[in-house]
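In what follows, a structure is listed as structure tokens, so that the remarks can point back to it.
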Amino acid sequence: MNVRDLIAKAEKRHVLERDEITVLLQGGDWDEELFAAADRVRRRYVGDAVHLRGLIEFSNICRRNCLYCGLRRDNRHLLRYRMDEDTIISLAIRAKEMGYRTVVLQSGEDEYFNVDRMTRIIRRLKALDFAVTLSIGEKSYAEYAAYREAGADRYLLRIETTDAALYARLDPGMDLAERINCLHNLKRLGYEVGTGSLIGLPGQSLASLADDILFFQALDADMIGTGPFIPNPDTPLGDAAGGSFELSRRMVALVRLLLPDANIPATTAMETIHPEGRILALKSGANVVMPNITEGEYRRLYALYPGKACADETPAHCRSGIEGKIAAIGRFVGKDYGFRHRI
Ligand code: 5AD
Ligand code: SF4
């Protein structure tokens, strides 16, 4: 099949074979057609609303040691912090005033935030009428169940890569099968489940990115956040090449074509490596933005990778900047909770 036929097939039937995805990931003079097809599917399935989720990075302490990540436990160059409960809630109240209806609580795998503390925070956020998303890593089934019981609606846990050998190399002490098991547990508990992968990891092939997309389909992921790997000098991968913007954009488009009704964020990492990164992602299939609502020095200290977009701005500034750009491309900010609607 020629590439134009592949794009047409993906737009119409939302299925592609592994080799077909790989060809489209390679890129070529058909790229603009790929992005346009993804944009049409986005409009048909999820409409013109862009859902904003307020991101609170409440602890940068992590027991893991992922080779690509600035929060890895062996990184001694990072000042660590942990917000107290009231600080988290006051950030959420400010988010509410700015119009957010979802907060995303994100942290490293910080064991200080045990079931007791987390469930208390979740309940307080639910009392404020938020949709609550957690992004706090691998936990036991019982912990996931307790958070769900306390009211958590969604959970983000990127698979990072479905290439088992690459996963084992980059995430020492972690196991791909265990991560997949976590995602299945979250699904079983009725969370809306978000996953995604890093693009351009050293040794990652295009075929393996195609496998990632097939994995998202098989899992029936509700949200898929993908973005370029950005080398962090405070990590063992500081000198690696990093992912390209165009490949990341093709990935967003293919994810939209193959999971047409999913929620797909235009990620901060995309904005970090391209000045119009988020807008271009929104025009290539994405329909969600997660502005950072962490305040003050904490913003700088949640240093997954260098140069993070918006790191030196205030939450209000960051939000109004994004809202203006959304309006400028003829889209609007969603007023509801932005749950996935299956079609
Ligand atoms: N570049 C881009 N994204 C990164 N993450 C961690 N380190 C990096 C990096 N160097 C991503 C991981 C994780 C998410 C919270 O941040 O995919 O799931
Ligand atoms: Fe910790 Fe997540 Fe960073 Fe891995 S990617 S070191 S688990 S914060």
Establish, for the pair Arg179 and Tyr167, whether the NZ or CZ atom is under 6.0 angstrom from the six-membered ring centre and no further than 45 degrees off its axis. no
Using a strict threshold of under 4.0 Å (side-chain N to carboxylate O), is an ion pair present between Asp29 and Arg4? yes
Identify which one of Thr133, Leu91, Leu125 satisfies the side-chain contact (heavy atoms from CB on, under 4.5 Å) criterion when paired with Leu105. Leu125
Tightest non-hydrogen contact, residues Leu16 and Leu258, listed as N-CD2, 3.8 Å
For the pair Asp222 and Arg340, evaluate salt bridge (Lys or Arg N to Asp or Glu O under 4.0 Å) and give the outcome as yes or no after the intermediate values. CA-CA 6 Å; Asp222 302 296; Arg340 176 189 186 192; 2.6 Å; yes
In the structure I gave you, are the side-chain heavy atoms of Asp116 and Arg120 within less than 4.5 Å of one another anywhere? yes
Check: Asn292/Thr294 side-chain N/O donor and acceptor closer than 3.5 Å: yes
Can you confirm whether the side chains of Ser140 and Glu143 place a donor and an acceptor under 3.5 Å from each other? yes
Distance check, rounded to the nearest 0.5 Å: Asp31 atom CG versus Leu24 atom CG? 9.0 Å
Measure centre to centre between the rings of Tyr45 and His14, then say whether the value is under 6.0 Å. yes
Could you tell me whether a side-chain N or O of Arg64 sits under 3.5 Å from a main-chain N or O of Gly108, the two making a donor and an acceptor? no
Is there a path of hydrophobic side-chain contacts, each under 4.5 Å between heavy atoms of I, L, V, M, F, W or Y residues, that connects Phe216 with Met223? no
Does Ser284 reach the main-chain N or O of Leu280 with its side chain, forming a donor-acceptor pair under 3.5 Å? yes
Please report the shortest heavy-atom distance between Ile7 and Ala37, naming the atom on each side. CG2-CB, 3.6 Å
Minimum heavy-atom separation for Met251 to Ile213, with atom names? CE-CG1, 3.6 Å
Backbone N/O of Leu214 and side chain of Gln217: donor-acceptor pair under 3.5 Å: no
Axial cation check for Tyr100 ring with Arg319, 6.0 Å and 45° limits: yes
Do any N or O atoms from the side chain of Lys126 and from the backbone of Phe130 form a donor-acceptor pair under 3.5 angstrom? yes
Hey, is NZ on Lys283 packed in by over 12 heavy atoms from elsewhere, all under 6.0 Å? no
Between atom OG of Ser197 and atom CZ of Phe215, what is the distance when rounded to the nearest 0.5 Å? 9.5 Å
Going from OH on Tyr147 to CD1 on Ile122, what distance comes out if it is rounded to the nearest 0.5 angstrom? 6.5 Å
How about Asp211 and Thr162: does a side-chain donor come under 3.5 Å of a side-chain acceptor? no
Contact between Ile159 and Ile180 at the side-chain level, heavy atoms closer than 4.5 Å - yes or no? yes
So for atom CZ, which belongs to Arg43, do other residues, nucleotides or ligands contribute more than 12 heavy atoms lying within a distance under 6.0 Å? no
Is it the case that the side chain of Ser248 and the backbone of Ser244 share a donor-acceptor pair, with hydrogens and angles ignored and the cut-off at 3.5 Å? yes
Just by modelled atom types, is the Ala309 backbone N or O under 3.5 Å from a matching donor or acceptor in the Thr272 side chain? yes
Checking side-chain polar atoms at under 3.5 Å, does Ser59 have a donor or acceptor matched by the opposite partner on Asp110? yes
Does Thr267 reach the main-chain N or O of Thr226 with its side chain, forming a donor-acceptor pair under 3.5 Å? yes
Taking the six-membered ring of Tyr112 (Phe, Tyr or Trp), confirm whether the NZ or CZ of Arg117 is under 6.0 Å from its centre and within 45° of its axis. yes
Compare all side-chain heavy atoms of Glu160 with those of Tyr68 and state whether any distance is below 4.5 angstrom. yes
Is the charged tip of Arg154 near the ring of Tyr191: under 6.0 Å from the six-membered ring centre and within 45° of its axis? no
Answer with yes or no after comparing the ring centroid distance for Phe58 and Tyr81 against a 6.0 Å cut-off, counting only values under it. no
Salt bridge flag under 4.0 Å for residues Arg44 and Glu11: yes
Measuring from atom CG of Leu282 to atom CG of Asn287, what distance do you get when rounded to the nearest 0.5 angstrom? 8.0 Å
Grouping I, L, V, M, F, W and Y whenever their side-chain heavy atoms are under 4.5 Å apart, do Leu201 and Leu71 come out in a common cluster? no
Does a salt bridge link Arg42 with Asp48, judged by any charged N lying under 4.0 Å from a carboxylate O? yes
With a 3.5 Å distance limit and no angle check, can you tell me whether Arg148 reaches the backbone of Leu186 through a side-chain donor-acceptor pair? no
Start with the C-alpha distance between Arg72 and Asp171, add both sets of side-chain angles, then the distance that settles salt bridge (Lys or Arg N to Asp or Glu O under 4.0 Å), and finish with yes or no. CA-CA 10 Å; Arg72 66 198 304 274; Asp171 304 85; over 6 Å; no
Flag for Arg188-Asn185: side-chain donor and acceptor within less than 3.5 Å: yes
Any idea which heavy atoms bring Leu157 and Cys182 closest together, and the distance? CD2-CB, 3.6 Å
Quick check against the 3.5 Å criterion: does Lys96 have a side-chain atom that pairs as donor or acceptor with the backbone of Leu128? yes
Go through the steps to decide whether Arg256 and Asp39 satisfy the test salt bridge (Lys or Arg N to Asp or Glu O under 4.0 Å), and finish with yes or no. CA-CA 8 Å; Arg256 171 59 67 202; Asp39 198 42; over 6 Å; no
Hydrophobic clusters here meaning ILVMFWY residues chained together by side-chain heavy-atom distances under 4.5 Å, can you tell me if Leu156 and Leu198 are in one? no
Begin with the C-alpha distance, continue with both residues' side-chain angles, and end with the deciding distance and a verdict on side chain to side chain contact (heavy atoms under 4.5 Å, CB included) for Cys310 and Arg278. CA-CA 12 Å; Cys310 258; Arg278 263 191 302 231; 4.1 Å; yes
Less than 3.5 Å apart, any donor N or O on the side chain of Tyr298 or Asn60 sitting next to an acceptor on the other? no
Hey, is Arg342 close enough to Asp220 for a salt bridge, meaning N to O under 4.0 Å? yes
Examine distances only and state if a side-chain atom of Arg250 and a backbone atom of Leu25 form a donor-acceptor pair shorter than 3.5 Å. yes
Nearest-0.5 Å distance that lies between atom CD in Glu85 and atom CZ in Arg82: 13.5 Å
Give the C-alpha distance, both sets of side-chain angles, the deciding distance and a yes or no for salt bridge (Lys or Arg N to Asp or Glu O under 4.0 Å) between Arg63 and Glu138. CA-CA 11 Å; Arg63 68 187 171 119; Glu138 293 184 22; over 6 Å; no
Only one of Lys308, Arg300, Arg299 forms a salt bridge (charged side-chain N to carboxylate O under 4.0 Å, His left out) with Glu57, so which one is it? Lys308
Closest contact, heavy atoms only, Lys139 versus Tyr144: N-OH, 3.1 Å
In terms of heavy-atom contacts, does CD of Glu149 have more than 12 from other residues, nucleotides or ligands at under 6.0 Å? no
Find the distance between CE (Met174) and CG (Asn65) and round it off to the nearest 0.5 Å. 10.5 Å
Can you give me the closest heavy-atom contact between Thr22 and Ala210, atom names plus distance? OG1-CB, 3.6 Å
If hydrophobic clusters are built by linking Ile, Leu, Val, Met, Phe, Trp and Tyr wherever their side-chain heavy atoms come under 4.5 Å apart, do Phe113 and Leu55 end up in the same one? no
More than 12 foreign heavy atoms under 6.0 Å from CG of Asp239: is that the case here? no
State yes or no: do Tyr305 and Leu67 share one hydrophobic cluster built from I, L, V, M, F, W and Y residues joined by side-chain heavy-atom distances below 4.5 Å, directly or via other members? no
